[in-house]
> 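Following this message is one structure expressed as C-alpha coordinates.
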Protein chains: 2
Amino acid sequence: MEVDKHLPKIIASQIVTDIINNVLESGEKVIEERYANSFGTSRGPVREALYILENEGMIERIPKRGSFVKKYNRQDLCDLFEVRGSLENMSLSRLKYPLQEDQVNEIDQIISDMATANMEVYAQLNNDFHYKVLSLSGNEVYKNIFSRLGTPLITLQKLVLETPESVKQSYEEHKMLWKAIKVGKINLAKAVLEDHIESGKRRFYEAVEKNKK
Amino acid sequence: MEVDKHLPKIIASQIVTDIINNVLESGEKVIEERYANSFGTSRGPVREALYILENEGMIERIPKRGSFVKKYNRQDLCDLFEVRGSLENMSLSRLKYPLQEDQVNEIDQIISDMATANMEVYAQLNNDFHYKVLSLSGNEVYKNIFSRLGTPLITLQKLVLETPESVKQSYEEHKMLWKAIKVGKINLAKAVLEDHIESGKRRFYEAVEKNKK
DNA sequence: TAAGTATAAATTGTTAACAATTTGTTGAAG
DNA sequence: CTTCAACAAATTGTTAACAATTTATACTTA
(Lines give C-alpha, C1' and ligand atoms only; values in the text may rest on other atoms or scores of the structure.)
Protein backbone atom coordinates (compact mmCIF):
# COMPACT_ATOMS: atom_id res chain seq x y z
CA MET A 1 0.00 0.00 0.00
CA GLU A 2 1.32 3.41 -0.95
CA VAL A 3 1.37 6.08 1.70
CA ASP A 4 -0.77 9.03 0.73
CA LYS A 5 0.27 12.35 2.22
CA HIS A 6 -2.98 14.02 1.30
CA LEU A 7 -4.46 14.71 4.71
CA PRO A 8 -8.16 14.55 3.82
CA LYS A 9 -7.68 11.10 2.31
CA ILE A 10 -5.96 9.86 5.45
CA ILE A 11 -8.84 11.13 7.56
CA ALA A 12 -11.39 9.67 5.15
CA SER A 13 -9.72 6.30 5.39
CA GLN A 14 -9.80 6.46 9.20
CA ILE A 15 -13.50 7.26 9.15
CA VAL A 16 -14.13 4.28 6.87
CA THR A 17 -12.20 2.09 9.29
CA ASP A 18 -14.33 3.40 12.14
CA ILE A 19 -17.49 2.67 10.18
CA ILE A 20 -16.36 -0.87 9.38
CA ASN A 21 -15.48 -1.49 13.01
CA ASN A 22 -18.74 0.02 14.20
CA VAL A 23 -16.97 2.77 16.11
CA LEU A 24 -19.33 4.86 14.04
CA GLU A 25 -22.74 3.28 13.77
CA SER A 26 -25.01 3.30 10.76
CA GLY A 27 -26.95 6.55 10.69
CA GLU A 28 -24.75 8.19 13.30
CA LYS A 29 -23.74 11.80 12.96
CA VAL A 30 -20.07 12.40 12.25
CA ILE A 31 -18.96 15.52 14.07
CA GLU A 32 -16.25 17.44 12.29
CA GLU A 33 -14.53 18.81 15.35
CA ARG A 34 -14.04 15.40 16.96
CA TYR A 35 -12.06 14.08 14.01
CA ALA A 36 -10.25 17.38 13.75
CA ASN A 37 -9.17 17.01 17.39
CA SER A 38 -8.25 13.36 17.09
CA PHE A 39 -6.00 14.20 14.13
CA GLY A 40 -4.74 17.44 15.61
CA THR A 41 -5.93 19.39 12.58
CA SER A 42 -8.56 21.98 11.92
CA ARG A 43 -12.04 21.16 10.60
CA GLY A 44 -11.16 22.02 7.00
CA PRO A 45 -9.49 18.76 6.02
CA VAL A 46 -12.17 16.78 7.88
CA ARG A 47 -14.79 18.56 5.85
CA GLU A 48 -13.02 17.57 2.65
CA ALA A 49 -12.77 13.99 3.89
CA LEU A 50 -16.53 13.96 4.38
CA TYR A 51 -17.06 15.09 0.80
CA ILE A 52 -14.80 12.30 -0.41
CA LEU A 53 -16.81 9.79 1.59
CA GLU A 54 -20.05 11.17 0.31
CA ASN A 55 -18.71 10.47 -3.14
CA GLU A 56 -17.87 6.92 -2.14
CA GLY A 57 -21.36 6.40 -0.79
CA MET A 58 -20.29 6.04 2.83
CA ILE A 59 -21.58 9.37 4.12
CA GLU A 60 -24.69 11.39 3.54
CA ARG A 61 -24.23 15.12 3.87
CA ILE A 62 -27.21 17.29 4.67
CA PRO A 63 -26.47 21.02 4.41
CA LYS A 64 -26.48 22.78 7.76
CA ARG A 65 -27.50 19.59 9.54
CA GLY A 66 -24.36 17.52 9.37
CA SER A 67 -22.80 14.38 7.92
CA PHE A 68 -24.23 10.97 8.71
CA VAL A 69 -23.01 7.43 8.21
CA LYS A 70 -25.11 6.31 5.27
CA LYS A 71 -27.74 3.74 6.06
CA TYR A 72 -28.30 0.96 3.59
CA ASN A 73 -31.25 -1.37 3.84
CA ARG A 74 -31.39 -4.86 2.39
CA GLN A 75 -32.85 -3.68 -0.89
CA ASP A 76 -30.15 -1.06 -1.29
CA LEU A 77 -27.40 -3.59 -0.83
CA CYS A 78 -28.89 -6.00 -3.31
CA ASP A 79 -29.14 -3.14 -5.76
CA LEU A 80 -25.50 -2.31 -5.23
CA PHE A 81 -24.59 -5.93 -5.92
CA GLU A 82 -26.75 -5.84 -8.98
CA VAL A 83 -25.41 -2.61 -10.43
CA ARG A 84 -21.86 -3.65 -9.79
CA GLY A 85 -22.56 -6.93 -11.54
CA SER A 86 -24.20 -5.20 -14.45
CA LEU A 87 -21.19 -2.94 -14.93
CA GLU A 88 -18.90 -5.92 -14.80
CA ASN A 89 -21.09 -7.76 -17.27
CA MET A 90 -20.95 -4.86 -19.72
CA SER A 91 -17.21 -4.63 -19.31
CA LEU A 92 -16.86 -8.30 -20.26
CA SER A 93 -18.19 -7.45 -23.71
CA ARG A 94 -15.32 -5.04 -24.12
CA LEU A 95 -12.45 -7.36 -23.44
CA LYS A 96 -9.68 -7.43 -25.99
CA TYR A 97 -7.72 -10.64 -26.32
CA PRO A 98 -5.01 -11.52 -25.68
CA LEU A 99 -5.36 -9.99 -22.22
CA GLN A 100 -2.46 -7.94 -20.90
CA GLU A 101 -0.05 -10.24 -19.15
CA ASP A 102 0.61 -8.05 -16.12
CA GLN A 103 -3.09 -7.60 -15.45
CA VAL A 104 -3.63 -11.35 -15.73
CA ASN A 105 -0.82 -11.93 -13.27
CA GLU A 106 -2.33 -9.49 -10.81
CA ILE A 107 -5.68 -11.24 -10.85
CA ASP A 108 -4.01 -14.65 -10.63
CA GLN A 109 -2.31 -13.35 -7.51
CA ILE A 110 -5.60 -12.15 -6.01
CA ILE A 111 -7.22 -15.54 -6.60
CA SER A 112 -4.21 -17.22 -5.09
CA ASP A 113 -4.32 -14.95 -2.02
CA MET A 114 -8.02 -15.60 -1.62
CA ALA A 115 -7.38 -19.27 -0.97
CA THR A 116 -5.84 -18.61 2.43
CA ALA A 117 -7.38 -15.26 3.40
CA ASN A 118 -9.42 -14.64 6.51
CA MET A 119 -12.75 -12.90 6.31
CA GLU A 120 -11.54 -9.32 6.54
CA VAL A 121 -8.80 -9.78 3.97
CA TYR A 122 -11.10 -11.79 1.74
CA ALA A 123 -13.65 -8.98 1.63
CA GLN A 124 -10.96 -6.61 0.38
CA LEU A 125 -9.56 -9.14 -2.10
CA ASN A 126 -13.05 -9.74 -3.39
CA ASN A 127 -13.44 -6.07 -4.12
CA ASP A 128 -9.99 -5.93 -5.72
CA PHE A 129 -10.86 -8.89 -7.91
CA HIS A 130 -14.01 -7.32 -9.28
CA TYR A 131 -12.27 -4.02 -9.78
CA LYS A 132 -9.37 -5.59 -11.67
CA VAL A 133 -11.70 -7.65 -13.84
CA LEU A 134 -13.60 -4.52 -14.71
CA SER A 135 -10.32 -2.76 -15.39
CA LEU A 136 -9.38 -5.36 -17.99
CA SER A 137 -11.72 -3.54 -20.36
CA GLY A 138 -9.70 -0.36 -19.86
CA ASN A 139 -12.95 1.52 -19.47
CA GLU A 140 -12.49 4.65 -17.39
CA VAL A 141 -16.18 5.41 -16.90
CA TYR A 142 -16.96 1.94 -15.62
CA LYS A 143 -13.97 2.00 -13.32
CA ASN A 144 -15.03 5.35 -11.98
CA ILE A 145 -18.58 4.29 -11.19
CA PHE A 146 -17.40 1.01 -9.78
CA SER A 147 -15.09 2.68 -7.30
CA ARG A 148 -18.05 4.72 -6.09
CA LEU A 149 -20.05 1.59 -5.38
CA GLY A 150 -17.34 -0.57 -3.93
CA THR A 151 -16.73 0.94 -0.51
CA PRO A 152 -20.18 0.33 0.97
CA LEU A 153 -20.02 -3.21 -0.33
CA ILE A 154 -16.71 -3.95 1.37
CA THR A 155 -18.11 -2.93 4.72
CA LEU A 156 -20.98 -5.35 4.27
CA GLN A 157 -19.04 -8.22 2.88
CA LYS A 158 -17.95 -9.03 6.37
CA LEU A 159 -21.56 -9.67 7.21
CA VAL A 160 -22.16 -11.74 4.09
CA LEU A 161 -19.06 -13.88 4.48
CA GLU A 162 -19.87 -14.92 7.99
CA THR A 163 -19.08 -18.61 7.71
CA PRO A 164 -15.99 -20.39 6.34
CA GLU A 165 -18.35 -22.28 4.04
CA SER A 166 -19.67 -19.13 2.39
CA VAL A 167 -16.10 -17.88 1.93
CA LYS A 168 -15.20 -21.23 0.37
CA GLN A 169 -18.18 -21.11 -1.96
CA SER A 170 -17.48 -17.51 -2.95
CA TYR A 171 -13.88 -18.45 -3.62
CA GLU A 172 -14.90 -21.29 -5.95
CA GLU A 173 -17.20 -18.95 -7.85
CA HIS A 174 -14.41 -16.44 -8.37
CA LYS A 175 -12.05 -19.14 -9.59
CA MET A 176 -14.62 -20.36 -12.09
CA LEU A 177 -15.38 -16.84 -13.32
CA TRP A 178 -11.73 -15.98 -13.76
CA LYS A 179 -11.03 -19.20 -15.64
CA ALA A 180 -13.87 -18.52 -18.07
CA ILE A 181 -12.54 -15.02 -18.69
CA LYS A 182 -8.97 -16.17 -19.19
CA VAL A 183 -9.89 -18.72 -21.86
CA GLY A 184 -12.07 -16.13 -23.58
CA LYS A 185 -15.42 -17.80 -23.04
CA ILE A 186 -17.24 -14.53 -22.54
CA ASN A 187 -20.75 -15.91 -22.59
CA LEU A 188 -19.85 -18.55 -20.07
CA ALA A 189 -18.21 -15.87 -17.96
CA LYS A 190 -21.35 -13.78 -18.09
CA ALA A 191 -23.46 -16.73 -17.01
CA VAL A 192 -21.11 -17.52 -14.15
CA LEU A 193 -21.10 -13.89 -13.14
CA GLU A 194 -24.88 -13.80 -13.08
CA ASP A 195 -24.91 -16.86 -10.85
CA HIS A 196 -22.27 -15.30 -8.66
CA ILE A 197 -24.38 -12.20 -8.15
CA GLU A 198 -27.45 -14.28 -7.35
CA SER A 199 -25.66 -16.42 -4.81
CA GLY A 200 -24.08 -13.29 -3.34
CA LYS A 201 -27.53 -11.85 -2.82
CA ARG A 202 -28.75 -15.11 -1.35
CA ARG A 203 -25.86 -15.32 1.09
CA PHE A 204 -26.55 -11.75 2.04
CA TYR A 205 -30.19 -12.44 2.80
CA GLU A 206 -29.30 -15.50 4.83
CA ALA A 207 -26.79 -13.51 6.83
CA VAL A 208 -29.35 -10.82 7.53
CA GLU A 209 -31.91 -13.39 8.69
CA LYS A 210 -29.35 -14.97 10.97
CA ASN A 211 -28.40 -11.64 12.50
CA LYS A 212 -32.02 -10.91 13.33
CA LYS A 213 -32.13 -13.73 15.87
CA MET B 1 -37.12 25.95 -9.51
CA GLU B 2 -36.61 26.18 -5.78
CA VAL B 3 -34.11 28.71 -4.49
CA ASP B 4 -31.32 27.03 -2.59
CA LYS B 5 -29.64 29.19 -0.02
CA HIS B 6 -26.73 26.81 0.35
CA LEU B 7 -23.91 28.92 -1.04
CA PRO B 8 -21.66 26.13 -2.33
CA LYS B 9 -24.55 24.76 -4.39
CA ILE B 10 -25.25 28.14 -5.90
CA ILE B 11 -21.63 28.49 -6.88
CA ALA B 12 -21.54 24.92 -8.19
CA SER B 13 -24.53 25.61 -10.36
CA GLN B 14 -22.87 28.74 -11.75
CA ILE B 15 -19.75 26.79 -12.60
CA VAL B 16 -21.85 24.19 -14.41
CA THR B 17 -23.51 26.98 -16.37
CA ASP B 18 -20.10 28.34 -17.29
CA ILE B 19 -18.99 24.90 -18.42
CA ILE B 20 -22.10 24.45 -20.55
CA ASN B 21 -21.63 27.86 -22.13
CA ASN B 22 -17.94 27.24 -22.69
CA VAL B 23 -16.93 30.11 -20.46
CA LEU B 24 -14.88 27.35 -18.89
CA GLU B 25 -13.39 25.09 -21.51
CA SER B 26 -12.95 21.36 -21.25
CA GLY B 27 -9.76 20.61 -19.34
CA GLU B 28 -9.40 24.19 -18.14
CA LYS B 29 -8.26 24.88 -14.62
CA VAL B 30 -10.86 26.39 -12.32
CA ILE B 31 -9.20 28.86 -10.00
CA GLU B 32 -10.84 29.11 -6.62
CA GLU B 33 -10.08 32.75 -5.96
CA ARG B 34 -11.65 33.95 -9.19
CA TYR B 35 -15.02 32.46 -8.33
CA ALA B 36 -14.63 33.63 -4.75
CA ASN B 37 -14.15 37.18 -6.05
CA SER B 38 -16.98 37.00 -8.54
CA PHE B 39 -19.34 35.87 -5.77
CA GLY B 40 -17.85 38.18 -3.15
CA THR B 41 -17.12 35.25 -0.87
CA SER B 42 -14.05 33.57 0.48
CA ARG B 43 -12.50 30.49 -1.13
CA GLY B 44 -14.13 28.09 1.31
CA PRO B 45 -17.54 27.83 -0.32
CA VAL B 46 -15.94 27.68 -3.78
CA ARG B 47 -13.87 24.77 -2.59
CA GLU B 48 -16.99 22.98 -1.43
CA ALA B 49 -18.66 23.70 -4.75
CA LEU B 50 -15.73 22.01 -6.45
CA TYR B 51 -16.07 18.95 -4.19
CA ILE B 52 -19.74 18.75 -5.16
CA LEU B 53 -18.92 19.00 -8.84
CA GLU B 54 -16.28 16.34 -8.52
CA ASN B 55 -18.99 14.07 -7.18
CA GLU B 56 -21.18 14.95 -10.14
CA GLY B 57 -18.40 14.13 -12.56
CA MET B 58 -18.00 17.66 -13.87
CA ILE B 59 -14.70 18.46 -12.21
CA GLU B 60 -11.54 16.51 -11.67
CA ARG B 61 -9.64 17.50 -8.57
CA ILE B 62 -5.96 16.72 -8.40
CA PRO B 63 -4.52 17.27 -4.91
CA LYS B 64 -2.23 20.29 -4.73
CA ARG B 65 -2.55 20.89 -8.47
CA GLY B 66 -6.06 22.22 -8.77
CA SER B 67 -9.51 21.54 -10.14
CA PHE B 68 -10.06 21.01 -13.83
CA VAL B 69 -13.13 20.80 -16.04
CA LYS B 70 -13.37 17.10 -16.65
CA LYS B 71 -12.56 16.00 -20.17
CA TYR B 72 -14.69 13.32 -21.70
CA ASN B 73 -13.73 11.66 -24.94
CA ARG B 74 -16.15 10.02 -27.35
CA GLN B 75 -15.78 6.61 -25.77
CA ASP B 76 -16.47 8.03 -22.31
CA LEU B 77 -19.65 9.67 -23.44
CA CYS B 78 -20.94 6.56 -25.16
CA ASP B 79 -20.20 4.66 -21.98
CA LEU B 80 -22.15 7.19 -19.95
CA PHE B 81 -25.09 6.77 -22.31
CA GLU B 82 -24.76 3.05 -22.00
CA VAL B 83 -24.56 2.89 -18.22
CA ARG B 84 -27.42 5.28 -17.85
CA GLY B 85 -29.46 3.15 -20.21
CA SER B 86 -28.53 0.00 -18.39
CA LEU B 87 -29.66 1.47 -15.07
CA GLU B 88 -32.89 2.57 -16.63
CA ASN B 89 -33.36 -0.86 -18.15
CA MET B 90 -32.89 -2.54 -14.79
CA SER B 91 -35.30 -0.13 -13.18
CA LEU B 92 -37.97 -1.04 -15.74
CA SER B 93 -37.98 -4.56 -14.31
CA ARG B 94 -38.88 -3.09 -10.95
CA LEU B 95 -41.97 -1.15 -11.93
CA LYS B 96 -45.07 -1.73 -9.87
CA TYR B 97 -48.39 -1.21 -11.58
CA PRO B 98 -50.54 0.75 -11.39
CA LEU B 99 -47.99 3.57 -11.57
CA GLN B 100 -48.38 6.46 -9.16
CA GLU B 101 -50.65 9.03 -10.70
CA ASP B 102 -48.65 12.11 -9.70
CA GLN B 103 -45.47 10.64 -11.15
CA VAL B 104 -47.25 9.78 -14.37
CA ASN B 105 -48.58 13.32 -14.60
CA GLU B 106 -45.10 14.74 -14.12
CA ILE B 107 -43.68 12.69 -16.95
CA ASP B 108 -46.67 13.49 -19.15
CA GLN B 109 -45.86 17.12 -18.54
CA ILE B 110 -42.22 16.65 -19.47
CA ILE B 111 -43.17 14.97 -22.73
CA SER B 112 -45.61 17.72 -23.42
CA ASP B 113 -42.99 20.40 -22.73
CA MET B 114 -40.52 18.63 -24.97
CA ALA B 115 -42.74 19.19 -28.00
CA THR B 116 -42.04 22.90 -28.06
CA ALA B 117 -38.71 23.17 -26.28
CA ASN B 118 -35.60 24.67 -27.80
CA MET B 119 -32.33 22.81 -27.68
CA GLU B 120 -31.11 24.01 -24.29
CA VAL B 121 -34.41 23.34 -22.56
CA TYR B 122 -34.79 20.05 -24.37
CA ALA B 123 -31.46 18.81 -23.05
CA GLN B 124 -32.61 19.48 -19.50
CA LEU B 125 -36.05 17.97 -20.09
CA ASN B 126 -34.42 14.92 -21.57
CA ASN B 127 -32.41 14.43 -18.42
CA ASP B 128 -35.49 15.03 -16.26
CA PHE B 129 -37.42 12.45 -18.27
CA HIS B 130 -34.86 9.73 -17.80
CA TYR B 131 -34.51 10.56 -14.13
CA LYS B 132 -38.26 10.46 -13.52
CA VAL B 133 -38.63 7.20 -15.40
CA LEU B 134 -35.90 5.71 -13.29
CA SER B 135 -37.56 7.12 -10.19
CA LEU B 136 -40.77 5.25 -11.00
CA SER B 137 -39.07 2.17 -9.61
CA GLY B 138 -38.56 3.99 -6.32
CA ASN B 139 -35.04 2.67 -6.26
CA GLU B 140 -32.76 4.92 -4.24
CA VAL B 141 -29.48 3.36 -5.34
CA TYR B 142 -30.29 3.69 -9.02
CA LYS B 143 -31.43 7.26 -8.55
CA ASN B 144 -28.26 8.07 -6.71
CA ILE B 145 -25.96 6.68 -9.37
CA PHE B 146 -28.02 8.21 -12.12
CA SER B 147 -27.74 11.68 -10.68
CA ARG B 148 -23.98 11.27 -10.68
CA LEU B 149 -23.96 10.43 -14.37
CA GLY B 150 -26.51 12.93 -15.56
CA THR B 151 -24.71 16.25 -15.31
CA PRO B 152 -21.93 15.51 -17.78
CA LEU B 153 -24.53 14.19 -20.19
CA ILE B 154 -26.62 17.35 -20.06
CA THR B 155 -23.66 19.44 -21.07
CA LEU B 156 -23.11 17.28 -24.09
CA GLN B 157 -26.67 16.90 -25.17
CA LYS B 158 -26.44 20.32 -26.72
CA LEU B 159 -23.83 18.94 -29.05
CA VAL B 160 -25.86 15.85 -29.86
CA LEU B 161 -29.09 17.71 -30.46
CA GLU B 162 -27.62 20.10 -32.96
CA THR B 163 -30.34 19.98 -35.58
CA PRO B 164 -34.12 20.37 -35.26
CA GLU B 165 -34.42 16.98 -36.95
CA SER B 166 -32.41 15.20 -34.28
CA VAL B 167 -34.49 16.88 -31.59
CA LYS B 168 -37.63 15.76 -33.39
CA GLN B 169 -36.38 12.22 -33.68
CA SER B 170 -35.32 12.12 -30.05
CA TYR B 171 -38.72 13.46 -29.06
CA GLU B 172 -40.54 10.72 -30.97
CA GLU B 173 -38.38 8.09 -29.29
CA HIS B 174 -39.23 9.42 -25.86
CA LYS B 175 -42.92 9.47 -26.66
CA MET B 176 -42.79 5.87 -27.80
CA LEU B 177 -40.83 4.76 -24.76
CA TRP B 178 -43.16 6.48 -22.36
CA LYS B 179 -46.24 5.03 -24.04
CA ALA B 180 -44.84 1.51 -23.75
CA ILE B 181 -44.11 2.05 -20.06
CA LYS B 182 -47.54 3.50 -19.36
CA VAL B 183 -49.40 0.57 -20.85
CA GLY B 184 -47.13 -1.84 -18.98
CA LYS B 185 -45.40 -3.39 -21.96
CA ILE B 186 -42.07 -3.69 -20.20
CA ASN B 187 -40.33 -5.80 -22.79
CA LEU B 188 -41.38 -3.46 -25.54
CA ALA B 189 -40.20 -0.55 -23.42
CA LYS B 190 -36.83 -2.21 -22.95
CA ALA B 191 -36.50 -2.76 -26.67
CA VAL B 192 -37.43 0.83 -27.40
CA LEU B 193 -34.99 2.01 -24.77
CA GLU B 194 -32.20 -0.04 -26.31
CA ASP B 195 -32.94 1.51 -29.68
CA HIS B 196 -33.05 4.95 -28.08
CA ILE B 197 -29.62 4.46 -26.59
CA GLU B 198 -28.22 3.24 -29.87
CA SER B 199 -29.63 6.13 -31.86
CA GLY B 200 -28.41 8.51 -29.15
CA LYS B 201 -24.93 7.17 -29.59
CA ARG B 202 -25.23 7.41 -33.35
CA ARG B 203 -26.41 11.00 -33.21
CA PHE B 204 -23.52 11.75 -30.91
CA TYR B 205 -20.97 10.27 -33.29
CA GLU B 206 -22.46 12.15 -36.21
CA ALA B 207 -22.34 15.39 -34.27
CA VAL B 208 -18.71 14.81 -33.40
CA GLU B 209 -17.82 14.09 -37.02
CA LYS B 210 -19.59 17.25 -38.13
CA ASN B 211 -17.77 19.36 -35.55
CA LYS B 212 -14.44 18.12 -36.80
CA LYS B 213 -14.85 19.88 -40.12
C1' DT C 1 20.24 27.99 -28.32
C1' DA C 2 19.24 24.56 -24.81
C1' DA C 3 19.19 22.84 -20.35
C1' DG C 4 19.28 23.52 -15.85
C1' DT C 5 18.76 26.40 -11.64
C1' DA C 6 17.54 30.00 -8.55
C1' DT C 7 14.05 33.21 -7.67
C1' DA C 8 9.40 35.23 -7.75
C1' DA C 9 4.48 34.76 -8.44
C1' DA C 10 0.37 32.29 -8.31
C1' DT C 11 -2.33 28.92 -6.31
C1' DT C 12 -3.76 25.41 -3.23
C1' DG C 13 -3.73 23.66 1.74
C1' DT C 14 -4.53 24.67 6.53
C1' DT C 15 -5.71 27.19 10.48
C1' DA C 16 -8.26 29.71 14.05
C1' DA C 17 -11.71 32.92 14.96
C1' DC C 18 -16.20 34.43 14.24
C1' DA C 19 -21.13 34.16 12.26
C1' DA C 20 -25.26 31.69 11.41
C1' DT C 21 -27.94 27.85 12.22
C1' DT C 22 -29.61 23.98 14.40
C1' DT C 23 -30.38 21.36 18.49
C1' DG C 24 -31.25 20.82 23.34
C1' DT C 25 -33.10 22.64 27.76
C1' DT C 26 -35.69 25.06 30.87
C1' DG C 27 -39.76 27.05 32.48
C1' DA C 28 -44.23 29.23 31.97
C1' DA C 29 -49.00 28.95 30.36
C1' DG C 30 -52.86 26.48 29.19
C1' DC D 1 -49.19 16.54 31.23
C1' DT D 2 -48.47 18.88 27.01
C1' DT D 3 -47.29 22.77 24.23
C1' DC D 4 -44.83 26.58 23.30
C1' DA D 5 -41.40 30.19 23.76
C1' DA D 6 -37.05 31.91 25.36
C1' DC D 7 -32.66 30.95 26.16
C1' DA D 8 -28.20 28.20 26.10
C1' DA D 9 -25.19 24.91 23.95
C1' DA D 10 -23.44 22.49 20.18
C1' DT D 11 -22.43 22.34 15.52
C1' DT D 12 -21.97 23.80 10.85
C1' DG D 13 -20.88 27.78 7.62
C1' DT D 14 -17.74 31.44 6.39
C1' DT D 15 -13.87 34.33 6.56
C1' DA D 16 -9.16 36.11 6.28
C1' DA D 17 -4.53 35.27 7.18
C1' DC D 18 -0.72 32.35 6.81
C1' DA D 19 1.93 28.01 5.23
C1' DA D 20 3.21 24.84 1.75
C1' DT D 21 3.38 23.71 -2.87
C1' DT D 22 3.31 24.27 -7.59
C1' DT D 23 4.02 27.02 -11.67
C1' DA D 24 6.14 30.72 -14.18
C1' DT D 25 10.11 33.74 -15.00
C1' DA D 26 14.66 35.21 -15.40
C1' DC D 27 19.25 34.10 -15.23
C1' DT D 28 23.36 31.25 -15.63
C1' DT D 29 26.18 27.99 -17.83
C1' DA D 30 27.56 24.95 -21.22
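In what follows, chains carry the letters A, B, and so on, assigned in the order in which the sequence lines appear, proteins first and then strands, with residues in each chain numbered from 1. These figures come from a predicted structure and were not determined experimentally.
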> In whole angstrom, give the distance that lies between atom NE2 of B:His6 and atom C1' of D:dT12.
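It is 9 Å, rounded to the nearest whole Å.
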
> Figure out the CG/P separation between B:Leu7 and C:dA19, and round it to whole Å.
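Going from CG in B:Leu7 over to P in C:dA19 covers 17 Å.
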
> Please list, chain by chain and in numerical order, all residues satisfying ring-ring contact (aromatic ring centres under 6.0 Å, His included) with B:Phe146, sequence neighbours excluded.
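Only B:Tyr131 meet the ring-ring contact (aromatic ring centres under 6.0 Å, His included) criterion with B:Phe146.
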
> Can you name the side chain to side chain contact (heavy atoms under 4.5 Å, CB included) partners of A:Ile197, sequence neighbours left out?
A:Leu193, A:Lys201

> Applying ring-ring contact (aromatic ring centres under 6.0 Å, His included), can you list everything that pairs with B:Tyr122, at least two apart in sequence or on another chain?
none

> At what distance, to the nearest 0.5 angstrom, does CD1 of B:Ile107 lie from OG of B:Ser135?
8.0 Å

> Look at A:Arg94 together with B:Asp79 and state whether they make a salt bridge at an N to O cut-off of under 4.0 Å.
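Looking at A:Arg94 and B:Asp79, the cut-off is met.
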
> Looking across every strand, which nucleic acid part, if any, lies under 4.0 Å from B:Val30 by heavy atom: base, sugar-phosphate, or nothing?
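Contact class for B:Val30: sugar-phosphate only.
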
> Using a cut-off of strictly less than 4.0 Å between a heavy atom of the residue and any atom of DNA chain C, enumerate the qualifying residues of residues 35-42 of chain A by number.
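Of all residues in residues 35-42 of chain A, the ones placing a heavy atom under 4.0 Å from DNA chain C are A:Thr41, A:Ser42.
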
> Would you mind reading off the distance between B:Arg43 atom CZ and D:dT15 atom P, rounded to a whole angstrom?
12 Å

> Give each protein N/O atom lying under 3.5 Å from an N/O atom of nucleotides 6-10 of chain C, with the pair distance.
none

> Can you find a side-chain donor-acceptor pair between B:Gln14 and B:Asp18 that sits under 3.5 Å?
yes

> Can you name the ring-ring contact (aromatic ring centres under 6.0 Å, His included) partners of B:Phe81, sequence neighbours left out?
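Partners of B:Phe81 under the ring-ring contact (aromatic ring centres under 6.0 Å, His included) test: none.
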
> Rounded to whole angstrom units, what separation is found between the CD atom of A:Glu33 and the C1' atom of D:dA10?
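Atom-to-atom, A:Glu33 to D:dA10, this comes out as 9 Å.
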
> So what does A:Glu32 hit on the nucleic acid, given a heavy-atom distance under 4.0 Å: a base, only sugar-phosphate, or nothing?
sugar-phosphate

> For nucleotides 6-9 of chain D, which of its nitrogen or oxygen atoms have a protein nitrogen or oxygen under 3.5 Å away, and what is each distance?
none

> Suppose we screen for salt bridge (charged side-chain N to carboxylate O under 4.0 Å, His left out). Which residues come up paired with B:Lys71, at least two apart in sequence or across chains?
none

> Base, backbone or nothing for each nucleotide of nucleotides 20-25 of chain D, written B, S, -, heavy atoms under 4.0 angstrom, 5' to 3'?
-SSS--

> What is the distance, to the nearest angstrom, from the CD atom on A:Glu48 to the C1' atom on C:dT15?
14 Å

> Excluding sequence neighbours, so at least two apart, what forms salt bridge (charged side-chain N to carboxylate O under 4.0 Å, His left out) with B:Arg202?
B:Glu206

> Just by distance, with hydrogens left out, do A:Glu33 and A:Asn37 show a side-chain donor and acceptor under 3.5 Å apart?
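Looking only at side-chain atoms, A:Asn37 and A:Glu33 do not form any donor-acceptor pair under 3.5 Å.
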
> Any carboxylate oxygen within less than 4.0 angstrom of a Lys/Arg side-chain nitrogen, looking at B:Glu140 and A:Lys70?
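Not counted as a salt bridge, because no side-chain N and carboxylate O are separated by less than 4.0 Å.
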
> How would you list all residue pairs meeting ring-ring contact (aromatic ring centres under 6.0 Å, His included) that involve residues 29-62 of chain A, not counting sequence neighbours?
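Listed by first then second residue: A:Tyr51-B:Tyr51.
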
> Who pairs with A:Arg148 by side chain to side chain contact (heavy atoms under 4.5 Å, CB included), at least two apart in sequence or on another chain?
A:Asn55, A:Asn144, B:Arg148

